[in-house]
Protein chains: 2
Amino acid sequence: MKSSKILLVDDDEDILDLLEYNLTKEGYEVKTALNGEKAIEVANEFLPELIIMDVMMPEMDGIEACGEIRKNKLLANTIIAFLTARSEDYSQIAGFDAGADDYITKPIKPKVLFSKIKGLLRRGTVEDQLIEETATMRIDREKYIVVQRDTEISLPKKEFELLALLMSKPDNVFTREKIFASVWGDDIVVGDRTIDVHIRKLREKIGDDYIKTVKGVGYKFVDVED
Amino acid sequence: MKSSKILLVDDDEDILDLLEYNLTKEGYEVKTALNGEKAIEVANEFLPELIIMDVMMPEMDGIEACGEIRKNKLLANTIIAFLTARSEDYSQIAGFDAGADDYITKPIKPKVLFSKIKGLLRRGTVEDQLIEETATMRIDREKYIVVQRDTEISLPKKEFELLALLMSKPDNVFTREKIFASVWGDDIVVGDRTIDVHIRKLREKIGDDYIKTVKGVGYKFVDVED
DNA sequence: ATGGTGGCTTAACATTGAGTTAATATTAAA
DNA sequence: TTTAATATTAACTCAATGTTAAGCCACCAT
């Protein structure tokens with residue numbers, strides 16, 4: 001298994017050194033940055049799986065940097081964790097807006113940090129973090145609705161998750177196996193026609209043209225621009 | 001949208017003028033104060049959303065003033081940001097934990113400051129949503145009642161907190177987990193049907209249409225405009 | 001203490017509708 | 001043309017939620 005790449009961002013070099021030393025010893029591939037701007041640079045090249053970033057930094061703060069990093073599609077699956085001084089800080093709210101995945105509170109306890117890092121990396125492909133959005137359709141996970149040209153459509157759970165999956169990579173074909181694994185879970189076993197029926201119901205609600213069948217392969221979402 | 005109110009506090013009039021000029025140009029409503037005492041006075045009247053205050057000032061320093069300001073309940077949601085010289089070790093200042101929300105380092109770069117202010121006020125906006133109020137319903141935490149089209153409804157604690165939570169983000173789905181964590185607390189364990197019963201009682205009192213069930217996901221508050 | 005009151009939880013049972021299946025029709029690739 | 005893959009429809013199943021009432025406990029006034 002290839003070692004995970006972690007980017008550390010903090011304006012305090014002592015903290016950087018400490019964490020880098022320990023994480024490298026644990027077998028991670030580590031890079032560091034002293035500020036937000038530098039972090040964006042390094043992130044775009046290094047493509048880390050995890051970024052641990054101080055919220056409060058001179059020049060460009062963590063929240064701002066986080067927003068910038070999220071703009072890079074290649075970093076869509078990268079997990080961003082903020083370091084915050086107080087656990088109940090309001091910046092948490094702003095941070096989640098910016099696209100942060102987790103918070104680590106200062107002062108840092110190495111043992112806690114390591115177990116947290118393992119947990120975050122285990123999550124692996126955090127496809128829930130993707131912004132499922134195309135020109136004419138948008139998935140709103142918070143409200144659990146689909147917005148299609150200003151029309152709000154509410155969908156049952158399975159249909160919602162299915163559509164969200166397909167929309168996570170427009171034009172990409174998803175095989176039945178992948179759909180099962182992602183929407184139903186590896187262990188659940190259901191009949192062959194179950195997916196078809198859900199596709200049917202989706203097409204009924206959002207229109208036939210959005211979901212295309214690739215016979216013998218799977219399904220894909222294509223945006224309808226008229 | 002009404003413009004945000006900002007209070008600037010610094011003993012250097014040049015800085016005050018510079019910032020006031022630029023922030024006013026950006027569309028903010030700005031007032032200034034030359035010292036801590038003055039700041040408290042102005043803050044209590046002006047009720048700004050954001051206070052940017054120098055840490056080091058004659059008479060009463062920023063930390064002391066911050067503590068005083070925090071005593072005013074009307075300013076509970078006001079964000080306080082300290083201006084600090086870069087060389088200063090702000091961990092020391094943060095140690096005081098006077099209630100500051102953020103730090104801005106000198107020398108001030110307008111561009112950075114403006115983006116930071118926007119960021120800070122965005123938190124405020126999020127916080128504003130905590131004033132649970134929709135077109136037809138309003139939560140009054142002081143009186144512990146709900147006002148629905150001029151009708152006052154008094155609710156028991158759990159029902160009140162539950163409704164307040166749902167109303168904190170109208171249209172957003174809250175999972176049972178989140179509801180438990182927020183209204184009951186992480187450690188308290190109660191039966192599965194407890195939430196349902198409280199939902200039932202709420203629906204009985206405010207009407208069925210306000211709380212919508214998203215099966216397999218959670219509950220959401222939707223405003224009824226008729 | 002005593003008894004009443006109301007909030008909260010639980011348990012038992014009812015209901016709903018999301019999800020699945022099965023049976024049949026249609027499609028598109030070879 | 002052939003045929004496996006997918007579409008379609010409706011019936012069915014069951015887990016999730018709704019509903020009701022009873023019971024417990026804290027609190028309050030007597």
Side-chain angles (χ1 to χ4, degrees), chain A residues 141 143-146 153-166 173-222, chain B residues 139 141 143-146 152-166 173-222:
Chain A
R141 270 215 138 69
K143 298 182 181 172
Y144 223 81
I145 55 167
V146 179
I153 304 171
S154 67
L155 298 173
K157 199 178 174 193
K158 283 277 187 317
E159 287 167 42
F160 186 89
E161 295 300 336
L162 174 54
L163 180 60
L165 177 67
L166 295 179
V173 180
F174 289 84
T175 64
R176 280 160 183 273
E177 290 81 50
K178 278 186 185 167
I179 292 171
F180 274 130
S182 177
V183 178
W184 275 262
D186 285 316
D187 38 354
I188 310 291
V189 182
V190 288
D192 264 6
R193 300 273 64 73
T194 303
I195 286 183
D196 307 44
V197 174
H198 281 99
I199 292 284
R200 172 82 225 305
K201 286 178 177 166
L202 273 177
R203 283 175 171 157
E204 225 166 43
K205 286 165 187 168
I206 66 173
D208 285 349
D209 300 333
Y210 282 95
I211 299 171
K212 206 187 157 191
T213 305
V214 184
K215 209 165 181 176
V217 186
Y219 295 94
K220 67 164 142 179
F221 179 93
V222 289
Chain B
I139 290 269
R141 277 201 178 276
K143 297 183 187 167
Y144 226 79
I145 55 164
V146 179
E152 293 191 352
I153 304 171
S154 71
L155 296 173
K157 195 176 174 199
K158 283 280 185 318
E159 287 167 42
F160 185 88
E161 295 300 338
L162 174 53
L163 180 60
L165 176 67
L166 295 179
V173 178
F174 289 82
T175 63
R176 279 161 182 271
E177 280 180 2
K178 278 186 185 165
I179 293 171
F180 274 130
S182 177
V183 178
W184 275 263
D186 283 318
D187 38 356
I188 309 292
V189 183
V190 287
D192 263 5
R193 300 272 65 71
T194 303
I195 285 184
D196 308 46
V197 174
H198 285 280
I199 292 284
R200 172 83 225 304
K201 287 181 176 163
L202 274 176
R203 282 176 172 158
E204 227 165 42
K205 286 166 187 168
I206 66 173
D208 285 350
D209 299 334
Y210 282 95
I211 300 172
K212 203 186 154 191
T213 305
V214 184
K215 214 167 178 173
V217 186
Y219 295 95
K220 64 161 107 172
F221 179 94
V222 290

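Each chain gets a letter, A, B and so on, in the order the sequences are listed, and its residues count up from 1.
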Item to check | Atom NZ of A:Lys157: over 12 foreign heavy atoms under 6.0 Å | outcome: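 Check fails, neighbour count at 12 or below.
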Please report, rounded to the nearest Å, how far the [atom2] atom of [N] is from the [atom1] atom of [X].
X	N	atom1	atom2	result
B:Trp184	C:dT10	CH2	C1'	13 Å
B:Arg200	C:dT15	CZ	C1'	13 Å
B:Leu162	C:dC8	CG	P	11 Å
B:Glu177	D:dA16	CD	P	13 Å
A:Lys220	D:dT6	NZ	C1'	17 Å
A:Lys205	C:dA18	NZ	C1'	9 Å
A:Lys157	C:dT20	NZ	P	11 Å
A:Lys212	D:dA5	NZ	C1'	16 Å

Candidate nucleotides [options], ranked by approach to the side chain of [X] - the nearest:
X	options	result
B:His198	C:dT21, C:dG19, C:dT9	C:dT9
A:Arg203	C:dA18, C:dT9, D:dA7	D:dA7
B:Val197	D:dA21, C:dA22, C:dC8	D:dA21
A:Asp196	D:dA7, C:dG19, D:dT9	D:dA7
A:Lys201	D:dA7, C:dT9, C:dT20	C:dT20

Checklist entry - OP1, OP2 of C:dC8 versus side-chain N and O of B:Thr194: anything below 4.0 Å? => result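 For C:dC8, neither OP1 nor OP2 has a side-chain N or O of B:Thr194 closer than 4.0 Å.
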Checklist entry - B:Leu166 and B:Tyr219: which non-hydrogen atoms are nearest, and at how many Å? => result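 Heavy-atom minimum between the residues: CD2-O, 3.9 Å.
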With a 4.0 Å cut-off on heavy atoms, is [X] in touch with a base, just the backbone sugar-phosphate, or nothing at all?
X	result
A:Tyr219	sugar-phosphate
B:Thr213	sugar-phosphate
B:Lys215	base

Item to check | Nearest-nucleotide comparison on DNA chain C, the residue closer to the 5′ end among B:Arg193 and A:Glu159 | outcome: B:Arg193
Item to check | Test: A:Asp196 and A:Arg176 ion pair at under 4.0 Å | outcome: yes
Checklist entry - Salt-bridged, B:Glu204 to B:Arg200, with N to O below 4.0 Å? => result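 A salt bridge is present here (some side-chain N lies under 4.0 Å from a carboxylate O).
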Checklist entry - For A:Val214, does its backbone N or O pair with a side-chain atom of A:Lys220 as donor and acceptor, under 3.5 Å? => result no
